J.: 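Dropping the structure in here first, questions after.
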Amino acid sequence: METPNASNFLETIIAEDLAAGRVQTVVTRFPPEPNGYLHIGHAKSISVNFGLAETFGGRCNLRFDDTNPEKESQEYIDSIQEDVRWLGYNWDGEVRFASSYFQQLYDWAVYLVEQGHAYVCDLNAEQAREYRGTLTEPGRNSPFRDRSVQENLDLLARMKAGEFAEGAKVLRAKIDMASPNMNLRDPILYRIRKVPHHQTGDSWVIYPTYDFAHGQEDAIEGITHSVCTLEFEDHRPLYDWFIEHLPVTARPRQYEFGRLNPSYTITSKRKLKQLVDDGVVAGWDDPRMPTIAGMRRRGFTPAAIRRFCKMIGTTRSDGVVDVAMLEFAIREDLNENAPRAMCVLDPLKVVLTDYPQDKVEELLAARHPSRTELGERIVPFTRELYIDADDFREEANKKYKRLVLGKRVRLRNAYVIEAVDVVKDAAGKVLEVHARTIPDTLGTDPADGIKPKGVIQWVSASLGKRATVRLYDRLFNHESPDKGDRDFMAHINPDSLRVVEQAWVEPALVRALPEQGFQFEREGYFVADRYDHSEQAPVFNRTIGLRDSWAEQGGAGE
RNA sequence: UGGGGUGUCGCCAAGCGGCAAGGCACCAGGUUUUGAUCCUGGCAUUCGGAGGUUCGAAUCCUCCCACCCCAGCCA
């Protein structure tokens with residue numbers, strides 16, 4: 001068998017395990033807790049886990065790590081499955097739930113008690129913290145640590161039966177209160193929570209902790225490589241301890257990689273939830289959110305997200321990835337695949353005084369500049385048009401390549417025109433531009449040799465359609481909005497959303513399907529809103545602007 | 001001041017003792033009916049620092065420094 005070309009440390013490990021015969025088939029899992037929507041950081045984890053299975057011809061499970069019913073809900077379970085599928089991944093078999101292993105987990109807890117490896121502790125949370133010691137001082141043994149097996153068995157059964165109040169008792173592993181690794185100072189296995197569970201209803205009043213559940217879930221499912229993020233590294237000795245002390249039939253191994261931290265972004269479910277709850281954004285799927293659902297609504301494609309995840313690599317170092325890389329990924333995809341169209345965001349009327357009043361020419365325009373197979377669309381040309389106010393100036397220096405009074409410009413996919421006059425209001429504001437069309441300039445330069453310097457987009461004033469365009473920008477104006485103890489709420493970008501209620505788009509655009517993406521030439525990439533767009537009331541979201549070296553040079557400021 | 005990690009170009013990242021890949025960003029040209037795309041070229045005598053081993057070190061050894069994670073009955 002050919003050894004796959006290892007391109008990251010996990011692939012190297014797996015390739016060696018396969019080569020050494022330690023595992024026959026690679027089985028990984030993506031194990032989200034259903035307590036929030038998936039975000040870009042999860043996309044990386046999904047890419048890593050499903051990607052590993054794919055690379056080595058193995059399997060990847062989707063398992064909900066639902067051991068804490070208080071924070072979880074069906075809404076999250078549904079959204080997570082939808083997001084994973086949307087990203088283009090298929091999990092092996094049915095969706096799994098940690099909760100479906102509750103009985104097995106409980107039986108193993110009983111086993112540990114029988115072996116003298118676990119005990120019921122009556123310390124309350126505060127006392128437990130005191131007994132635990134600190135990072136530099138060892139903890140002290142709980143006064144309940146030496147209860148008899150018989151008493152522990154009885155107490156555990158009564159915990160399960162609901163005889164005790166929440167917080168009154170916990171089940172703990174008997175390991176080492178002096179361990180320098182805090183996770184080994186008699187960790188808690190079960191706590192009492194008298195709340196119904198979204199999957200198991202009220203059949204349980206005690207729930208296993210992450211530490212007692214995760215590795216065993218992996219063992220039950222035959223996971224060979226349990227991949228998680230760096231902060232769980234200290235938990236690995238405990239993960240291994242349970243596997244070694246329990247009669248499990250498989251031997252999963254945990255490996256950790258560095259989580260994704262994109263700049264100008266937060267990826268904490270708690271904080272994202274706060275943005276939603278405080279109304280800073282319209283919901284988990286607000287296009288400004290770094291959630292999968294939000295990015296989807298923003299116009300990102302699964303391919304671009306997957307590409308980005310591959311691009312950033314998988315390592316054990318933990319840093320901040322420039323969002324510019326994510327932006328590159330979506331631009332690359334959309335540049336290649338999005339049909340072109342014309343949209344005017346800040347309309348300024350242009351009247352072609354030499355063009356017949358009722359004449360309409362149905363011009364043909366390529367859907368894509370290089371992919372001719374995408375065909376053409378019809379764009380109506382009329383006497384009155386809209387161009388962007390920013391594309392006209394009464395006077396300008398030679399660096400300005402748009403329409404200037406007395407000068408020419410190419411109307412994209414149409415004629416070259418020359419501005420001959422302006423109409424202003426009392427305050428001197430330009431209301432409309434009068435221009436003339438240069439004859440025979442469709443698809444060719446002017447016969448007189450005076451070539452226009454630039455090209456601008458336009459929309460027929462009489463046949464174009466009105467549309468709502470939402471211009472999104474990054475949600476935070478700080479590169480690391482929540483690093484350290486920074487208050488991320490103080491770094492919200494107040495201009496993260498600008499709604500243009502009366503943009504003009506070429507008529508064909510109103511028939512766009514929801515979620516269809518376009519490049520509005522010279523503006524950026526846009527998508528018909530997944531929920532709000534309709535032919536009668538078109539709504540487009542800006543996914544990302546075009547690269548703009550003109551603006552970068554300060555051109556916009558001239 | 002305990003334990004566990006990580007340090008290669010502004011950012012991500014290859015490299016695993018033989019003479020510093022690649023991508024993003026940036027800069028300079030060229031093409032262009034999108035100031036986009038595309039194309040070309042530039043961008044680490046140096047790998048957190050200091051010693052040491054070696055003919056040879058980003059790669060091995062020693063010490064030091066910086067940053068991240070851990071004291072939830074969260075995951």
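Order of the sequence lines fixes the chain letters, A, B, ..., with proteins taken first and strands second; residue numbering starts at 1 for each chain. Values below: all heavy atoms of this structure, side chains included; hydrogens, waters and symmetry mates excluded. All values derive from a computational prediction rather than experimental measurement.
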J.: Can you see if the side chain of A/T136 gets near the phosphate of B/A71 - specifically, an N or O under 4.0 Å from OP1 or OP2?
T.: no

J.: Which whole-number value in Å describes the distance from A/Q519 CD to B/C38 P?
T.: 12 Å

J.: Any N or O donor-acceptor pair under 3.5 Å from the base of B/U37 to the side chain of A/R331?
T.: no

J.: Hey, is the side chain of A/R236 pairing donor to acceptor with the base of B/G4 inside 3.5 Å?
T.: no

J.: Hey, does A/G524 reach any base, or is it just sugar-phosphate, or nothing, if we go heavy atoms under 4.0 Å?
T.: nothing

J.: Considering only the C1' atoms, how many Å lie between B/A66 and B/U32, rounded to the nearest integer?
T.: 49 Å

J.: Using a cut-off of 4.0 Å on non-hydrogen atoms, how would the nucleic acid contact of A/L260 be classed: base, sugar-phosphate, or nothing?
T.: nothing

J.: When both hydrogen-bonding distances must be under 3.5 Å and the geometry is Watson-Crick or G-U wobble, what is B/A20 paired with, if anything?
T.: none

J.: Would you indicate what A/A324 reaches in the nucleic acid, counting non-hydrogen atoms under 4.0 angstrom: base, sugar-phosphate, or nothing?
T.: sugar-phosphate

J.: Using purine N1 to pyrimidine N3 plus N6-O4 or O6-N4 for Watson-Crick, or N1-O2 and O6-N3 for G-U wobble, each under 3.5 Å, what pairs with B/U45?
T.: none

J.: On RNA chain B, nearest-nucleotide positions of A/N68 versus A/G443: which is more 5'?
T.: A/G443

J.: For B/A25, take OP1 and OP2 only and decide whether either is under 4.0 Å from a side-chain N or O of A/R547.
T.: no

J.: Should A/E256 and A/R316 count as an ion pair when the cut-off is N to O under 4.0 Å?
T.: yes

J.: When we call it a touch if two heavy atoms are under 4.0 Å apart, what does A/S268 touch: a base, just sugar-phosphate, or nothing?
T.: nothing

J.: Look at the side chain of A/D234 against the base of B/G3 and say whether a donor-acceptor pair falls under 3.5 Å; ignore hydrogens and angles.
T.: yes

J.: Look at A/D388 together with A/R522 and state whether they make a salt bridge at an N to O cut-off of under 4.0 Å.
T.: no

J.: Distance check, C1' atoms only: B/U54 and B/C19, in whole angstrom units.
T.: 15 Å

J.: Is a donor from one side chain sitting under 3.5 angstrom from an acceptor on the other, for A/Y525 and A/Q519?
T.: yes

J.: For the pair made of CG in A/L546 and P in B/C38, what is the distance, rounded to whole Å?
T.: 11 Å

J.: Of the nucleotides B/G5, B/G3, B/C69, which one has an atom closest to the side chain of A/E231?
T.: B/C69

J.: Rounded to whole Å, please give me the gap between CD in A/E33 and C1' in B/G72.
T.: 13 Å

J.: Nearest of B/G2, B/U34, B/C67 to any side-chain atom of A/K483?
T.: B/C67

J.: What is the distance, rounded to the nearest whole Å, between atom CZ of A/F308 and atom P of B/C24?
T.: 13 Å

J.: Rounding to the closest angstrom, what is the interatomic distance between B/A14 and B/G7 at atom P?
T.: 9 Å

J.: Does OP1 or OP2 of B/A71 have a side-chain N or O of A/R132 closer than 4.0 Å?
T.: no

J.: Which way is the base of B/G4 turned, syn or anti, if we draw the line at 90° from 0?
T.: anti

J.: Given the P atoms of B/U46 and B/G2, what is the spacing between them in whole Å?
T.: 35 Å

J.: Answer with base, sugar-phosphate or nothing: what part of the nucleic acid does A/V170 contact at a heavy-atom distance below 4.0 Å?
T.: base

J.: In whole Å, what separates the C1' atom of B/A75 from that of B/C69?
T.: 15 Å

J.: Quick check on B/G35: is either OP1 or OP2 less than 4.0 Å from any side-chain nitrogen or oxygen of A/R522?
T.: yes

J.: Is A/R253 paired with A/D218 through a side-chain N to carboxylate O contact shorter than 4.0 Å?
T.: no

J.: Going by purine N1 to pyrimidine N3 plus the second Watson-Crick contact, or the G-U wobble pair, all under 3.5 Å, which nucleotide sits opposite B/G29?
T.: B/C39

J.: Any carboxylate oxygen within less than 4.0 angstrom of a Lys/Arg side-chain nitrogen, looking at A/R307 and A/D333?
T.: no

J.: What does A/M311 touch in the nucleic acid at a heavy-atom separation under 4.0 angstrom: a base, only the sugar-phosphate, or nothing?
T.: sugar-phosphate

J.: Strictly below 4.0 Å, N to O, side chains only: are A/E506 and A/R377 in salt-bridge contact?
T.: yes

J.: Taking only the side-chain heavy atoms of A/R193 (C-beta and beyond), determine which of B/C24, B/C68, B/C74 contains the nearest atom.
T.: B/C74

J.: Would you please name every residue forming a ring-ring contact (aromatic ring centres under 6.0 Å, His included) with A/F518, sequence neighbours left out?
T.: none

J.: If each of A/N181 and A/K269 is mapped to the nucleotide of RNA chain B with the nearest heavy atom, which maps nearer the 5' terminus, i.e. the 5' end?
T.: A/N181

J.: Take atom CZ of A/R129 and atom P of B/C73, then tell me their distance rounded to the nearest Å.
T.: 9 Å

J.: Does A/S549 make a side-chain N or O approach to OP1 or OP2 of B/A36 shorter than 4.0 Å?
T.: yes

J.: Rounded to the nearest angstrom, tell me the gap between atom CG in A/D548 and atom C1' in B/U37.
T.: 14 Å

J.: Can you tell me the base-pairing partner of B/G2? Count Watson-Crick or G-U wobble geometry only, both distances below 3.5 Å, and say none if there is no partner.
T.: B/C70

J.: Base, sugar-phosphate alone, or nothing: which one does A/N124 contact when heavy atoms must sit under 4.0 Å apart?
T.: base

J.: As a test of reading the structure: which of B/G3, B/C11, B/C74 is closest to the side chain of A/D322, going by heavy atoms?
T.: B/C11

J.: Taking the C1' atom in each of B/G5 and B/A21, what is the distance between them to the nearest angstrom?
T.: 26 Å

J.: Looking at every strand, decide which applies to A/I312 at a 4.0 Å heavy-atom threshold: base, sugar-phosphate, or nothing.
T.: sugar-phosphate

J.: Under a 4.0 Å threshold between the charged nitrogen and the carboxylate oxygen, would A/D318 count as salt-bridged to A/R259?
T.: no

J.: What nucleic acid atoms does A/T67 come within less than 4.0 Å of, heavy atoms only: base, sugar-phosphate, or nothing?
T.: sugar-phosphate

J.: Mind checking if A/V320 touches a base, just sugar-phosphate, or nothing, with heavy atoms under 4.0 Å?
T.: sugar-phosphate

J.: Just the rounded figure in Å: distance from C1' of B/A13 to CZ of A/F9.
T.: 13 Å

J.: Checking all strands, does A/S179 fall into the base, sugar-phosphate, or nothing category for heavy-atom contacts under 4.0 angstrom?
T.: nothing

J.: So, OP1 or OP2 of B/U37: does either fall under 4.0 Å of a side-chain N or O from A/R340?
T.: no

J.: Counting any heavy atom closer than 4.0 Å, what does A/R270 reach on the DNA or RNA strands: base, sugar-phosphate only, or nothing?
T.: nothing

J.: Using the six-membered base ring of B/G35, report whether A/W550 stacks on it, requiring centroids under 5.5 Å and planes under 30° apart.
T.: yes

J.: Determine the Euclidean distance between corresponding C1' atoms of B/C11 and B/G30; express it in Å to zero decimal places.
T.: 28 Å

J.: In whole angstrom, give the distance that lies between atom CD of A/E126 and atom P of B/A71.
T.: 17 Å

J.: Does any N or O donor sit under 3.5 Å from an N or O acceptor when you compare the side chain of A/E336 with the base of B/U37?
T.: no

J.: For A/F540 together with A/F520, are the ring centres under 6.0 Å from each other?
T.: yes

J.: Taking any strand in view, what nucleotide pairs with B/U62 in a Watson-Crick or G-U wobble way, both distances under 3.5 Å?
T.: B/A50

J.: Just checking A/Y207: base, sugar-phosphate only, or nothing, at a heavy-atom cut-off of under 4.0 Å?
T.: nothing

J.: Using a 4.0 Å heavy-atom cut-off, does A/S317 contact any base of the nucleic acid, only the sugar-phosphate backbone, or nothing at all?
T.: sugar-phosphate

J.: Among B/G5, B/A13, B/G35, which is the nearest nucleotide to the side chain of A/T315?
T.: B/A13

J.: With rounding to whole Å, what would you report as the distance between B/C68 and B/C26 at their C1' atoms?
T.: 28 Å

J.: Are A/L345 and A/L471 side-chain neighbours, meaning at least one heavy-atom pair lies under 4.5 Å?
T.: yes

